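Beneath this line is the structure, given in structure tokens, with notes to follow.
No experiment lies behind these values; they were computed from the predicted model shown. In what follows, chains carry the letters A, B, and so on, assigned in the order in which the sequence lines appear, proteins first and then strands, with residues in each chain numbered from 1.
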Amino acid sequence: MGIQKLASLIKKEAPESISAVPPRDYRDRVLAIDASVAIYQFNAAIPTIINRDGEDLSALQGMFYRTVYMLENGIKPVFVLEGPPPALKHRKGNSDGKSTPGHGRRDDLEKMLRYLGVPYIQATGEAEATCAALVKHCLAWGTVTEDMDALPFGSTRLIRNLKANNLGNVEEYNLPKLLKLLKLSPEQFVELCILLGCDYSGKIKGLGIKKALELMQKHGSIERILKTIKKDRIPADFRYQEAKQLFLQPSVVDVSRVQLNWRAPDEENLVQFLSHEKHLNETKIRTKLAKLRAIQQPKEKKTPKKRSAQSSLSDPNNQKQPKMTDFFMAKKKSQKQPQRRAARLTKSGKSMELPVP
DNA sequence: AGCGTCC
DNA sequence: TCGTCTGTCGCAAGACGCT
DNA sequence: TGCGACTGACGAC
């Protein structure tokens with residue numbers, strides 16, 4: 001869901017903020033993956049794969065191949081798992097009670113990621129918000145998602161269309177560039193997104209892409225725009241201030257406690273889990289892993305232990321880079337409690353981090 | 001590149 | 001009158017590997 | 001299932 005109209009607005013009004021990037025350009029970069037959107041994508045993709053135990057393997061299989069594809073390209077993915085949504089969120093259909101889709105799958109995904117040597121983070125709220133926080137704090141280069149919400153959450157880069165099968169380029173949305181082209185402040189941009197229609201608030205009918213942008217550029221805030229609009233056009237559930245807060249100060253993981261580590265895949269456990277337990281074809285899994293190993297082997301002699309970030313030099317593609325100032329900052333100092341927990345988890349597989357309220 | 005299969 | 005919003009319809013959607 | 005393209009409807013100027 002998210003803000004559907006935002007993508008078309010950008011394509012029409014500020015296409016220069018989108019660039020086509022070959023996946024290889026993300027080599028050695030950390031990308032934050034919104035796991036829930038990806039899982040949903042795989043579940044929605046029709047050919048449902050059912051194993052002999054009646055389990056739907058579409059998402060697990062899809063995530064496996066896509067993740068390996070990223071690793072083959074030298075990308076360092078970190079998966080962000082969705083937390084509980086804000087109370088204000090309008091969801092359609094989904095009443096409380098039963099199926100939290102992907103709940104049983106979540107354990108499977110976590111297990112696979114651990115064996116793959118890929119870190120993941122349990123978000124405290126919307127996954128997009130935590131992805132954006134990682135990017136803002138330079139723990140990740142960009143957010144990989146189809147959900148445009150990552151932009152109003154403040155992810156400086158949003159990467160769409162990153163798929164294993166895709167031989168073409170991905171779409172990279174650059175937030176600073178976008179703001180400049182639209183002539184909006186970050187706050188105004190969030191308000192624009194609310195006008196376009198988000199999950200947290202009702203919407204004023206009759207305001208679409210063109211009008212919303214024009215009004216925001218002219219008046220500078222929703223508050224002032226509302227004065228120019230007849231009251232009967234404003235719906236009762238137009239709670240733009242609350243929505244704004246949810247975008248500007250969302251519940252996110254404490255990034256200073258995040259430690260990201262990547263390790264070589266544990267092939268035997270992967271085969272045990274994916275093939276013997278979940279009944280995915282063993283030959284295919286092994287072939288894929290062997291290919292990945294062949295790619296990784298000659299390159300990296302040692303997996304870098306800490307030091308998650310990126311070398312941001314070079315690259316004529318993105319000459320425009322917001323400040324890389326606060327760079328290492330965050331980590332290094334989290335040595336207390338997370339350490340113990342991280343160590344424990346690392347033993348069995350991968351690193352991760354868990355917040356405490 | 002197109003198309004059938006994945007379980 | 002023109003431009004923009006909104007509703008409806010149709011299709012393709014994920015990835016692999018063999019041909 | 002949801003999205004993009006096409007169309008009709010509606011409001012702004």
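Taking atom CG of A/Leu9 as the reference point, atom C1' of D/dG4 lies 17 Å away to the nearest angstrom. Separating the CE atom of A/Met70 from the P atom of C/dG14 is a distance of 14 Å, rounded to the nearest angstrom. The nearest whole Å value for the distance from the CD1 atom in A/Ile209 to the P atom in D/dG11 is 19 Å. We find that CG of A/Leu57 is positioned 19 Å from P of B/dT5, with the value rounded to whole Å. Distance CG (A/Leu215) to P (C/dT4): 13 Å, rounded to an integer number of Å. Computed from coordinates, the A/Leu280 CG to C/dA15 C1' distance equals 12 Å when rounded to whole Å. A/Lys210 has its NZ atom 22 Å from the P atom of D/dC10, to the nearest Å. D/dC3 atom P lies 10 Å from atom CD of A/Glu146, rounded to whole Å.
A/Lys5 comes within contact range of the sugar-phosphate backbone alone, with a heavy-atom separation under 4.0 Å but no base atom that close. In this structure, A/Glu55 reaches neither bases nor backbone, as no heavy-atom distance under 4.0 Å exists between it and the strands shown. Residue contacts shown for A/Asp56 are absent, as no nucleic acid heavy atom lies under 4.0 Å away. Residue contacts shown for A/Asn51 are limited to sugar-phosphate atoms, with no base heavy atom under 4.0 Å away. Among the protein residues, A/Phe64 comes within range of no part of the nucleic acid, since none of its heavy atoms lies under 4.0 Å from any strand.
Each of C/dA13, B/dC6, C/dA15 was ranked by its minimum atom distance to the side chain of A/Asn165; first place goes to C/dA15. Nearest nucleotide to the side chain of A/Gln61, out of B/dC7, C/dG14, C/dT6: C/dG14. Of the candidates C/dA15, B/dC6, C/dA13, the closest approach to any side-chain atom of A/Ile46 belongs to C/dA13. Of all nucleotides listed (C/dC16, C/dG14, D/dA12), D/dA12 comes nearest to the side chain of A/Arg233. In the set D/dA12, C/dG14, C/dA15, D/dA12 carries the atom at the smallest distance from any side-chain atom of A/Lys211. Listed nucleotides C/dC16, C/dT6, C/dA15 differ in distance to A/Lys163; the shortest reach to its side chain belongs to C/dA15. Across D/dT1, C/dC16, C/dG14, the shortest atom-to-atom separation from the side chain of A/Tyr65 is found for C/dC16.
When the side-chain nitrogen and oxygen atoms of A/Tyr69 are compared with OP1 and OP2 of C/dC16, none of them lie within a distance under 4.0 Å. Under 4.0 angstrom from either OP1 or OP2 of D/dC3 there lies at least one side-chain N or O belonging to A/Gln4. The phosphate of C/dC16 (OP1 or OP2) has a side-chain N or O of A/Lys288 nearer than 4.0 angstrom. Between A/Arg66 and C/dA15 there is a side-chain N or O to OP1 or OP2 distance below 4.0 Å.
Rounded to whole Å, the P atom of B/dG4 lies 14 Å from the corresponding atom of C/dA12. When the C1' atom is used for both D/dG2 and C/dC16, the distance is 25 Å, rounded to whole Å. Separation of the P atoms belonging to C/dA13 and B/dG2 is 12 Å when rounded to the nearest angstrom.
Across the strands present, B/dC3 finds its partner in C/dG17; the criterion is a Watson-Crick or G-U wobble pair with both atom distances under 3.5 angstrom.
Ion pair A/Asp28/A/Lys76 not flagged as a salt bridge, since none of the NZ, NE, NH1 or NH2 atoms sits closer than 4.0 Å to an Asp/Glu carboxylate oxygen. The existence of a salt bridge linking A/Glu187 and A/Lys244 is confirmed by a sub-4.0 Å separation between a basic side-chain nitrogen and an acidic carboxylate oxygen. A salt bridge links A/Lys111 to A/Glu277: one of the charged nitrogens lies within less than 4.0 Å of a carboxylate oxygen. Comment: A/Glu82 does not engage A/Arg106 in a salt bridge, judged by the lack of any side-chain N to carboxylate O separation of less than 4.0 angstrom.
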_Working note: A/Glu16 + A/Lys177, criterion salt bridge (Lys or Arg N to Asp or Glu O under 4.0 Å); need CA distance, chi angles, decisive distance, verdict._
CA-CA 8 Å; A/Glu16 305 89 343; A/Lys177 212 180 276 189; over 6 Å; no

Next item on the list: Decide ring-ring contact (aromatic ring centres under 6.0 Å, His included) for A/Tyr240 and A/Tyr200; before the verdict, give the C-alpha distance in whole Å, the side-chain angles of both, and the deciding distance to 0.1 Å.
Entry: CA-CA 8 Å; A/Tyr240 72 95; A/Tyr200 307 135; over 10 Å; no

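For A/Asp254 and A/Ser256, the side-chain atoms include at least one donor-acceptor pair closer than 3.5 Å.
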A correct dot-bracket answer for DNA chain D, with pairs being Watson-Crick or G-U at under 3.5 Å, [ ] for crossing pairs and | for inter-strand pairs, is ||||||.|||||.

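Residues A/Lys230 and A/Lys11 each lie close to DNA chain D; by heavy-atom proximity, the contact nearer the 5' end of the strand is made by A/Lys11.
Pairing each heavy atom of A/Asn161 with each of A/Asn169, the nearest pair is ND2-O, 4.2 Å. Between A/Leu81 and A/Glu110, the shortest heavy-atom contact is CD1-OE2, 3.5 Å.
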